[in-house]
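All ligand and atom numbering here is 1-based and tracks the order in the structure. The analysis underlying the following values was restricted to heavy atoms, covering all of them including side chains, and did not include hydrogens, waters or symmetry mates.
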Amino acid sequence: MNLVLLGPPGAGKGTQGDRLAGECRVPKYATGDILREAVREGTELGREAKGYMERGELVPDELVLALVREALAGSEAEGGFILDGFPRTVAQAEGLRRLLEERGCELDAVVYFDVPEAELLRRLSGRRVCSGCGAVFNVTSGLEAAAETCARCGGELETREDDKPETVLNRLRVYRESTMPLLAWYRKDSGLLRELVAVGSVEEVYENLRGAIGCS
Ligand code: AP5
C-alpha cells in the first residue's frame, strides 16, 4: 500500500497515519517531523528550513523533494509507505509522480482529511507534544487530557512553535493557497482520491479511514 495523507494543519494526519502504519507495518514519512528533527539537530537542511517553518510557510519544493527521495530510497519502503504532509504543492505532486515512476511503482490512494476550520483551530490550540518521545496529546479533546508530563514516558509536554495563533492562521492561509489546488489535481486521477470526513473521535475517524482505503 502506497498512500498519501493530505489535509489541513491539525486535521489528524499524524495521529491516524501512526495508527495505520502500526497496523499495516509500513513506514510513515512525515515531512514535518523530518524537518523538525533537522532543525533540532542543526543540520544544513534544518538551518535552511527553520525560518520558513517558524513563519508557517512552506519549505521550498526542491528541499522537500530531496528529503522524500532520500526517505523512499531505503529498503524499508519497498513493501509500501505512508506519506504524511507531502505532497503539499502541485510541483511536489509532479515530483513524487516522477520519483515513483523511477521506482516502477505508483500511489494506491490519496486520502483527503476534511475538517471544518473551527475544529482545526480547536485541535491546534490544544495540541501538546512530548519533548521526550514525541507522543501527541490534546488538552481540549477530553480523550487524552494531558497533564504537564507525558502519560507514556514522563517527558515534558510542549506546545509546538508553529501552533501559536498567528502562525496557525498563516499555515491555514498557505494551505488554502498552495495545497488545496492538489485536490483538483488528484481528482483528475480517477479513483485515487478518497475524501474522508475526519471529525468524530480518533477511533471513529480511524475506522472511516480503514473503510476508505479498503482495509479489511
Ligand atoms: P507539518 O508537521 O506537516 O504540519 P501540518 O500539516 O500543518 O500538520 P499538523 O502536524 O499540524 O497536523 P496533523 O494533521 O498531523 O494533526 P495531528 O494528528 O497532529 O508541517 C509543519 C511545517 O513543516 C509546515 O508549516 C512547513 O513549514 C513544513 N513542511 C512540512 N511538510 C512540508 C512540505 N511537504 N512542503 C513544504 N513544507 C513542509 O492532530 C492535531 C491535534 O488534534 C492533536 O493534538 C491530536 O491529538 C488532535 N486530534 C487528532 N485527531 C483528533 C480527533 N479525531 N478528535 C479530536 N482531536 C484530534
Heavy-atom neighbours of Glu166 CD exceed 12 at 6.0 Å: yes
Output the list of atoms in ligand 1 that are nearer than 4.0 Å to some heavy atom of Ser201, sorted by atom number. 53 (N)
I'd like to know whether ligand 1 has Leu124 as a neighbour, heavy-atom separation below 4.0 Å. yes
Pair Thr179, Arg88: side-chain N/O donor-acceptor within cut-off below 3.5 Å: no
Do Asp162 and Thr167 get their side chains close enough for a donor-acceptor pair, meaning under 3.5 Å? no
Best match, Arg127, Arg88, Arg171: closest heavy atom to atom 6 (O) of ligand 1: Arg88
Selected option - heavy-atom contact closest to atom 46 (O) of ligand 1, from Val202, Asn138, Asp33: Asn138
Suppose I only count heavy atoms of Asp162 and a 4.0 Å limit; which atoms of ligand 1 are within that range? 21 (C)
Arg98 and Glu101: salt bridge (Lys or Arg N to Asp or Glu O under 4.0 Å), yes or no, with the steps? CA-CA 5 Å; Arg98 282 194 297 274; Glu101 272 168 14; over 6 Å; no
Looking only at heavy atoms, which two atoms of Ala135 and Arg152 are closest? And how far apart? CB-NH1, 3.8 Å
Any heavy atom of Leu35 under 4.0 Å from ligand 1? The part involved is side chain
Contact atoms of ligand 1, heavy-atom distance to Gln92 under 4.0 Å: 33 (C), 34 (N), 35 (N), 36 (C)
Could you check whether any heavy atom of Gly126 sits closer than 4.0 Å to an atom of ligand 1, since that is the contact criterion I want to use? no
Could you pull out the closest heavy-atom pair between Tyr186 and Ala93, with the gap in Å? OH-CB, 3.7 Å
Answer with yes or no whether Arg36 contacts ligand 1, where contact means a heavy atom under 4.0 Å from a ligand atom. yes
Exceeds 12 heavy-atom contacts within 6.0 angstrom, atom CD of Glu70: no
Per-residue contact class, Val64 against ligand 1 - non-hydrogen pairs under 4.0 Å: side chain
Specify side chain, backbone, both or neither for Ala49, according to which of its non-hydrogen atoms lie closer than 4.0 Å to ligand 1. neither
Based purely on interatomic distance, does Gly14 place a nitrogen or oxygen under 3.5 Å from a nitrogen or oxygen of ligand 1? yes
Using non-hydrogen atoms of the residue, decide whether Ala11 is closer than 4.0 angstrom to ligand 1. yes
Minimal non-hydrogen separation, Met53 against Val59, with atom names: CG-CG2, 3.9 Å
Test side chain to side chain contact (heavy atoms under 4.5 Å, CB included) on Leu3 and Leu83; report intermediate values, then the result. CA-CA 6 Å; Leu3 201 64; Leu83 293 171; over 6 Å; no
Under 3.5 Å: N/O of Phe86 near N/O of ligand 1: no
Looking only at N/O atoms, are Gly10 and ligand 1 under 3.5 Å apart anywhere? yes
Please indicate whether Glu106 has more than 12 foreign heavy atoms, meaning atoms of other residues, nucleotides or ligands, lying under 6.0 Å from its CD. no
Under 3.5 Å, N or O to N or O, is Gly12 touching ligand 1 that way? yes
Would you mind finding which of Lys13, Arg160, Glu161 brings a heavy atom closest to atom 10 (O) of ligand 1? Arg160
May I ask you to check if ligand 1 and Phe137 share an N or O to N or O distance below 3.5 Å? yes
For a 4.5 angstrom cut-off between non-hydrogen side-chain atoms, does Leu172 reach Pro9? yes
Any N/O pair Thr31/ligand 1 closer than 3.5 Å: yes
Would you say ligand 1 has an N or O under 3.5 Å from any N or O of Glu57? yes
Does Gly200 have a non-hydrogen atom less than 4.0 Å from ligand 1? yes
Measure Val174 to ligand 1 on non-hydrogen atoms and call it side chain, backbone, both or neither using the 4.0 Å cut-off. neither
Go through the steps for Arg19 and Glu203 under the test salt bridge (Lys or Arg N to Asp or Glu O under 4.0 Å), then give the verdict. CA-CA 10 Å; Arg19 283 194 172 204; Glu203 288 69 27; 3.3 Å; yes
Minimum heavy-atom separation for Gly12 and Phe113, please, with both atom names. O-CE2, 3.7 Å
